[in-house]
Amino acid sequence: MRLTVIGTGYLGAVHAACMADIGHEVLGVDIDAEKIAALAEGRVPFFEPGLQEVLGRTVGSGRLRFTTSLEEAADFGEVHFVCVNTPQRRDSPACDLRAVDAVIDALAPRLSRACLIVGKSTVPAGTTARLTARVQELVPPGSDVEVAWNPEFLREGFAVQDTLRPERLVAGVLSGRADQALREVYAPMLRAGVPYISTDPATAELVKVAANSFLATKISFINAMAEVCDATGADVTTLADALGHDTRIGRRFLSAGLGFGGGCLPKDIRAFTARADELGVGDAVLFLREIDEINTRQRRRTVDIARDMVGGEFTGRRIAVLGATFKPDSDDVRDSPALAVAAAIHREGAEVRLHDPEGTDNARAVLPVLGYAADVTKACEGADLVLHLTEWSDYRRIDPAALAAVAPARRILDARNALDPASWRAAGWTLRALGRPLPPPLPNQQSAADHVPAVCSAEVG
Ligand code: UDX
């Protein structure tokens, strides 16, 4: 089929390449000429494992092309996928739909051939209905254009695999014809047995925000348990393992730590509460405000514990920060918990030196005031404290004994519960983690730094 993919960010670039990979003729469209030039040369302008290979072979095959012209896209496509950003509005928790609206306003008047517009961006329930009315106003007389919603569930870092082998496909359609077109687009996935749920647009829109709300709730639940563990001396990782064996609960998304960030979970739960308020059902999702609050509290708790570990204040302290991105295997620093903590500690007077395997350029663009190190050793040289804030696998391979040679204070806070406490402690490090007990003090060795504070006072994020 002839598809266009409008918006070639993390979502659109992956969708375009993967749709070409399964055999479609694809035209990627973006207003950012630089990004389009890179993609047209087969270069991925951001970090996403596996995408380079798929982009290279599909651009090479001639099935994937790129343009900045919506005119060209309107002439080309049987199905137009809308993959533009729907961030949080600056002035409220609601979703900023300006990019989606701008695409519709520019595309619809140019649609002279029968086609389907399929939204993939995350939007508030009711958006397809609103856009359908708008499209009917704008299309040339006699044009046969329909709108459908097909939310995207891909995770950064696994975007290619999530697109080629999704766990489910959800189609919010207004007609059998639209449903048929989407079944044709995804024919190879359907043949491979991927569940395909055909429903109305409002349900499809809700599936996405409900899924992200559930995931956010799961993370904040275990982080709330981590706070209780800190107060009782229990171990949240063992608790999560034990809970996770219950197949009704499951272990995934039950890792306690610094909490969730990124371009999706935080803004999606806020936009959901805003939309529920508009619909008069705000009380039904009131709990999401608490989920958000628990999440932000992890950042404050991390700063408080870090401050405690360096003797009560950051001024004049040298702090190494390992990790800037909101999660490993991504270069994305949007609403990154790691960066929020680094910024807060810097504001309190610490000298911060940060390392991240892929996210340094993006982090520096947001926070140029921090120090940046090319490798872990340089970040940790002379550090009074090392903060492990994003669980890149590289950091689990650090040799604690070797690192002790450059950071003789040997203090580390594992805010992602991903390091092996025993090996760090065996190398003489004082290791603290969120929701995990300290080892029993050796006789005559009780240290003030081994006390987990009960109060959380820092302003973060
Ligand atoms: C998320 C959804 O998973 C995806 O389906 C949707 O399409 C977009 O939003 P993504 O933003 O890529 O994907 O990140 P995800 O892997 O879901 O992680 C979100 C955040 O939760 C990260 O900051 C991660 O560190 C954190 N997290 C995840 C935890 O703190 N604990 C966990 O157990 C799992």
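When a ligand or atom number is given, it counts from 1 through the structure's own listing order.
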Does an N or O anywhere in L254 fall below 3.5 Å from an N or O of ligand 1?
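Yes, there is a polar N/O contact under 3.5 Å.
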
Backbone or side-chain N or O of G261 under 3.5 Å from ligand 1 N or O:
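Yes, at least one N or O pair falls under 3.5 Å.
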
List the closest protein heavy-atom neighbour of [atom]: residue, atom name, distance to the nearest 0.1 Å.
{"atom": "atom 23 (O) of ligand 1", "result": "F326 O, 2.8 Å"}
{"atom": "atom 17 (O) of ligand 1", "result": "F253 CZ, 3.2 Å"}
{"atom": "atom 16 (O) of ligand 1", "result": "K327 NZ, 2.8 Å"}
{"atom": "atom 12 (O) of ligand 1", "result": "E156 N, 2.7 Å"}
{"atom": "atom 7 (O) of ligand 1", "result": "L154 O, 2.8 Å"}
{"atom": "atom 2 (C) of ligand 1", "result": "N212 OD1, 3.5 Å"}
{"atom": "atom 31 (N) of ligand 1", "result": "S255 O, 3.0 Å"}
{"atom": "atom 20 (C) of ligand 1", "result": "F260 CB, 3.5 Å"}

For the residue pair [Y] / [X], report whether a side-chain donor-acceptor contact shorter than 3.5 Å exists.
{"X": "R436", "Y": "T237", "answer": "yes"}
{"X": "T122", "Y": "K267", "answer": "no"}
{"X": "D241", "Y": "T238", "answer": "no"}
{"X": "T128", "Y": "E205", "answer": "yes"}
{"X": "D356", "Y": "W392", "answer": "yes"}
{"X": "Y372", "Y": "D361", "answer": "no"}

Under-4.0 Å heavy-atom contact with ligand 1, by part of [X] that carries it:
{"X": "E152", "answer": "backbone"}
{"X": "L215", "answer": "side chain"}
{"X": "R416", "answer": "side chain"}

Which option out of C264, A211, S220, G259 puts a heavy atom nearest to atom 8 (C) of ligand 1?
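It is C264 whose heavy atom sits nearest to atom 8 (C) of ligand 1.
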
Apply salt bridge (charged side-chain N to carboxylate O under 4.0 Å, His left out) to E293 and R297, showing your working.
CA-CA 6 Å; E293 169 52 28; R297 194 154 68 233; 3.6 Å; yes

Could you label the plane-to-plane angle of the Y395 and H388 rings as parallel, tilted or perpendicular, counting under 30° as parallel and over 60° as perpendicular?
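Rings of Y395 and H388: perpendicular, as their planes differ by over 60°.
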
Considering only heavy atoms of R155, which atoms of ligand 1 have at least one such atom less than 4.0 Å away?
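Ligand 1 atoms under the 4.0 Å threshold to R155: 3 (O), 12 (O), 13 (O).
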
Sub-4.0 Å atoms of ligand 1 with respect to non-hydrogen atoms of L265
1 (C), 9 (O), 19 (C)

Determine, using heavy atoms of K208 and all atoms of ligand 1, whether some pair is separated by less than 4.0 Å.
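It does, in that a heavy atom of K208 comes within the 4.0 Å cut-off of ligand 1.
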
Between D308 and R432, does any side-chain N to carboxylate O distance fall below 4.0 Å?
yes

Does NZ or CZ of R275 lie under 6.0 Å from the centre of the six-membered ring of F272, at an angle within 45° of the ring axis?
no

Please check this pair: side chain of Q298 against backbone of I294, looking for a donor-acceptor N/O pair closer than 3.5 Å.
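Side chain of Q298 to backbone of I294: a pair is present.
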
